[in-house]
Asks: 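I'd like to ask some things about the structure below.
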Amino acid sequence: MSESRGAKPGPEPADRVAIGITFGNSNSSIAFTVDDKADVIANEDGDRQIPTVLSYVDGDEYYGAQAKAFLVRNASNSIAYFREFLGKDFKSIDPTYCHAAAHPQDNAGNVFFSVKDKDAEGEASSVSVSEAATRYLRRLVTSASDYLGKKVTSAVITVPTNFSDKQREALIKAANDADIEVLQLISDPVAAMLAYDARPETVVEDKIVVVADLGGTRSDVAVVASRGGMYTILATAHDYEFAGVQLDQVLMDHFAKEFIKKHTTDPRSNAKSLAKLRQESEATKKALSLGTNAQFSVESLAEGFDFSSTINRLRYEMIGRKVFEGFNRLVEGVVKKAELDVLDIDEVIMCGGTSHTPRIANNLRNIFPESTKILAPATSVSAINPSEAQARGAALQASLIQEYEANDIEQSTHPAVTTVKHISNAIGVVTINTDGEEVFTPIMQAETAVPARRTVHIAAPKDGGDVLIKVVEGGTHIKVTKPEPKAKEPVNGDKDSDADSDFDSEEEEEEEKREKVWKLGKQLAEAAIRGVKKGGKVEVTINVLADLGVTVTAREVGGKGGVRGNLAA
Ligand code: ATP
């Protein structure tokens, strides 16, 4: 897949200075790895989340937070929310979020913006989306170069999982035009997983992870199987209805109503007032992620009236309930789409700016079982800053691959994070426990990328003897146990009966118990190991080849010989 790499010959590996970049519709970040530790770099304004906005004033180009501030009084010469349009033709874009900035226009199907970028009085120029991306990426990389004191030459850039080949090509071209060699494009959820898996305290183990990337204009959720260091994406969802801007809107409507009550004029009906209302609502929203109360204060919000108010988190969570519920449905929907249950999920990695919101993390905490880690600031002390995880992941990947020749990168890094062949059912052994019941022990989890090899040791019966090993496929299903109905005390009209019935109704609300149990599937092999020593162990190795053929080997640990069999794919 050559489109995922820089088309232009890049620098020699030894001359590369490589960073990680996340390029979002709302914000972007740059990160660099030193001694295996990736850090997000602050730009010259001190921002680590750099608004993806360009603004032109009197021929000067502003970007980031300064450009975002210009959306209030220089909207028509500001370009915002454009990443999404790369590689798309005019007919297929949704310009909704650009209504408060320069509007996208159609030039024979190509998207461009008309802005006065040379001087305020002169003619407006046509800036294509590709050119806007190039100008913005150049600013990002210049900031990184200034910070590092050396010229950045190359980057790993993260992209959504549904970025088309055309969009990838367009992004690579835009980066190349800004003189950046694109080492690799990696998918957003995998970047977040890399950041977590690279931490020294992480034990890399087989797990199923939900990555909830909740941004400003879109939410992207993926279910990813991590097996032996390989990532397989099992299901994804992309949503534009439940993201950060909808939470801004909740607060905008709230404060607009308060303002109307006081001054009988709607600040949403004038573009400048609306822009001020939007910026302050977003700031209030962020403050509510940290504290339980927040201020809202704007000078001359509309018709010259200043306005200030406060809101507490509880009220915010109440007025935003519908949006918060939307996030729950989105995450639950993707787990279902992967044909999994919440009980199958080991971790939920929350990333993207909106993942700072405590209500969203707490709701997911309630949806998933205790055993699932919810990695967000509100629910885990060890969570990585959700706004930084992906840039850090990209920087780690950049530092890993920068020393390779461009061709080697292309060949060796692709399958690891895209579609690799994997087994769909778990493979394990069935043994008989001391109660004479069949017990399934998984050796290789479902969704393990192949080729793969796993070994387990199985204890022989206490007194030794023959051990029968059955290798079978295993699926899981969810066993639901309803709570035992409580025998009710007869109500005989005594004074305590009210208290009793209250107690009963609480008991009745006790939730049913849901647990994951194995269901045995196709038997793959059977082997008998004769005369195992007292206290001995049998070693079973399962080897699944790239063509999904299976080899099973069973032998007594420390013993001679063994049984080996090949099975067809
Ligand atoms: P997209 O591409 O979806 O527009 P992005 O990836 O460019 O988004 P992010 O920085 O991940 O952008 O997310 C931006 C959103 O996160 C904005 O709506 C912003 O208000 C919100 N956000 C940032 N910090 C916080 C916070 N502390 N609490 C709540 N929301 C926050």
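Note that the coordinates shown come from a computational prediction; the quantities given were computed from them, not determined experimentally. Just so you know, ligand 1 is whichever comes first in the structure, and atom 1 is the first atom listed for that ligand. Throughout, residue positions are numbered sequentially from 1 according to the sequence presented.
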Asks: List the closest protein heavy-atom neighbour of atom 6 (O) of ligand 1: residue, atom name, distance to the nearest 0.1 Å.
Replies: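 Residue, atom and distance for the closest contact: Gly24 CA, 4.1 Å.
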
Asks: Closer than 3.5 angstrom, by distance alone: can the side chain of Thr372 be matched with the main-chain N or O of Glu347 as a donor-acceptor pair?
Replies: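 Judged by distance alone, no pair lies under 3.5 Å.
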
Asks: Under 4.0 Å from a heavy atom of Thr357: give me the atoms of ligand 1 that qualify, with their elements.
Replies: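 Answer, ordered by atom number: 29 (C).
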
Asks: Would you call the rings of Tyr136 and Phe23 parallel, tilted or perpendicular if under 30° counts as parallel and over 60° as perpendicular?
Replies: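 Parallel, since the angle between the ring planes stays under 30°.
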
Asks: Of the listed options (Glu282, Gln49, Arg83, His356), which comes nearest to atom 26 (C) of ligand 1 when hydrogens are ignored and any heavy atom counts?
Replies: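 It is His356 that holds the nearest heavy atom.
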
Asks: Looking only at protein heavy atoms, which one is nearest to atom 8 (O) of ligand 1, and how far off is it?
Replies: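 So the nearest neighbour among protein heavy atoms is Gly216 N, 3.0 Å.
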
Asks: Please check if the side chain of Gln167 supplies one atom and the backbone of Ser164 the other of a donor-acceptor pair under 3.5 Å.
Replies: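 Pair found, side chain donor or acceptor close to backbone of Ser164.
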
Asks: Show the atoms of ligand 1 that are less than 4.0 angstrom away from any heavy atom in Gly244.
Replies: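 Checking each atom against Gly244, I get 18 (O).
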
Asks: Considering non-hydrogen atoms only, spot the tightest contact between Pro267 and Leu301 and give its length.
Replies: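 Residues Pro267 and Leu301, closest heavy atoms: CB-CG, 4.0 Å.
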
Asks: Which residue and non-hydrogen atom of the protein lie closest to atom 3 (O) of ligand 1, and at what distance in Å?
Replies: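 So the nearest neighbour among protein heavy atoms is Arg218 N, 2.9 Å.
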
Asks: Would you mind running through ligand 1 and noting each atom that sits below 4.0 Å from a heavy atom of Gly215?
Replies: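 Result: 3 (O), 8 (O), 11 (O), 13 (O), 14 (C), 15 (C).
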
Asks: Check the angle between the aromatic planes of Phe305 and His263 and answer parallel, tilted or perpendicular using the 30° and 60° thresholds.
Replies: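 Parallel: the ring planes of Phe305 and His263 meet at under 30°.
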
Asks: Between Tyr56 and Tyr62, does the ring centroid distance fall short of 6.0 Å?
Replies: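 Distance test on ring centres: not under 6.0 Å, no.
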
Asks: Looking only at distance, does Thr217 have an N or O less than 3.5 Å from an N or O of ligand 1?
Replies: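 By distance alone, the answer is yes.
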
Asks: Can you name the nearest heavy-atom pair linking Ser28 to Gly24, along with the distance?
Replies: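 Looking at all heavy atoms of both residues, the shortest contact is OG-N, 3.4 Å.
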
Asks: Taking all non-hydrogen atoms of both residues into account, name the closest pair between Gln402 and Val17 and its distance.
Replies: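 It is OE1-C, 4.4 Å.
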
Asks: How close does the nearest protein non-hydrogen atom get to atom 10 (O) of ligand 1, and which residue and atom is it?
Replies: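 Answer, as residue, atom name and distance: Asn27 ND2, 2.9 Å.
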
Asks: Just need the protein heavy atom nearest to atom 31 (C) of ligand 1, so name the residue and atom and give the distance.
Replies: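 Checking every protein heavy atom, the shortest distance to atom 31 (C) of ligand 1 gives Gly353 O, 3.2 Å.
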
Asks: So between Glu84, Lys285, Glu388, Gln246, whose heavy atom ends up nearest atom 18 (O) of ligand 1?
Replies: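 Answer by nearest heavy atom: Lys285.
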
Asks: Give the single entry among Pro51, Ser26, Pro358 that approaches atom 7 (O) of ligand 1 most closely by any heavy atom.
Replies: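 Among Pro51, Ser26, Pro358, the closest heavy atom to atom 7 (O) of ligand 1 comes from Ser26.
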
Asks: List ligand 1 atoms under 4.0 Å from Gly352, heavy atoms only on the residue side.
Replies: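 Answer, ordered by atom number: 11 (O).
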
Asks: Determine whether more than 12 heavy atoms belonging to other residues, nucleotides or ligands lie under 6.0 Å from atom CG of Leu314.
Replies: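 Check fails, neighbour count at 12 or below.
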
Asks: Give the atoms of ligand 1, by number and element, whose distance to some non-hydrogen atom of Ser289 is under 4.0 Å.
Replies: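 Near Ser289, meaning under 4.0 Å from one of its heavy atoms, ligand 1 has 26 (C), 27 (N), 28 (N), 29 (C).
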
Asks: At what distance is the nearest protein heavy atom to atom 2 (O) of ligand 1, and which residue and atom is it?
Replies: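 It is Asn25 N, 2.9 Å.
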
Asks: Anything under 30° is parallel, anything over 60° is perpendicular, the rest tilted; go ahead and classify Phe85 against Phe113.
Replies: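 Because their plane-to-plane angle is under 30°, the rings of Phe85 and Phe113 count as parallel.
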
Asks: Using non-hydrogen atoms of the residue, decide whether Lys286 is closer than 4.0 angstrom to ligand 1.
Replies: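 Contact present.
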
Asks: Can you check whether Asp248 has an N/O within less than 3.5 Å of an N/O in ligand 1?
Replies: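 No, since none of the N or O atoms of Asp248 sits under 3.5 Å from an N or O of ligand 1.
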
Asks: Look at Lys37 together with Asp39 and state whether they make a salt bridge at an N to O cut-off of under 4.0 Å.
Replies: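 Looking at Asp39 together with Lys37, the answer is yes, because their closest N to O distance falls below 4.0 Å.
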
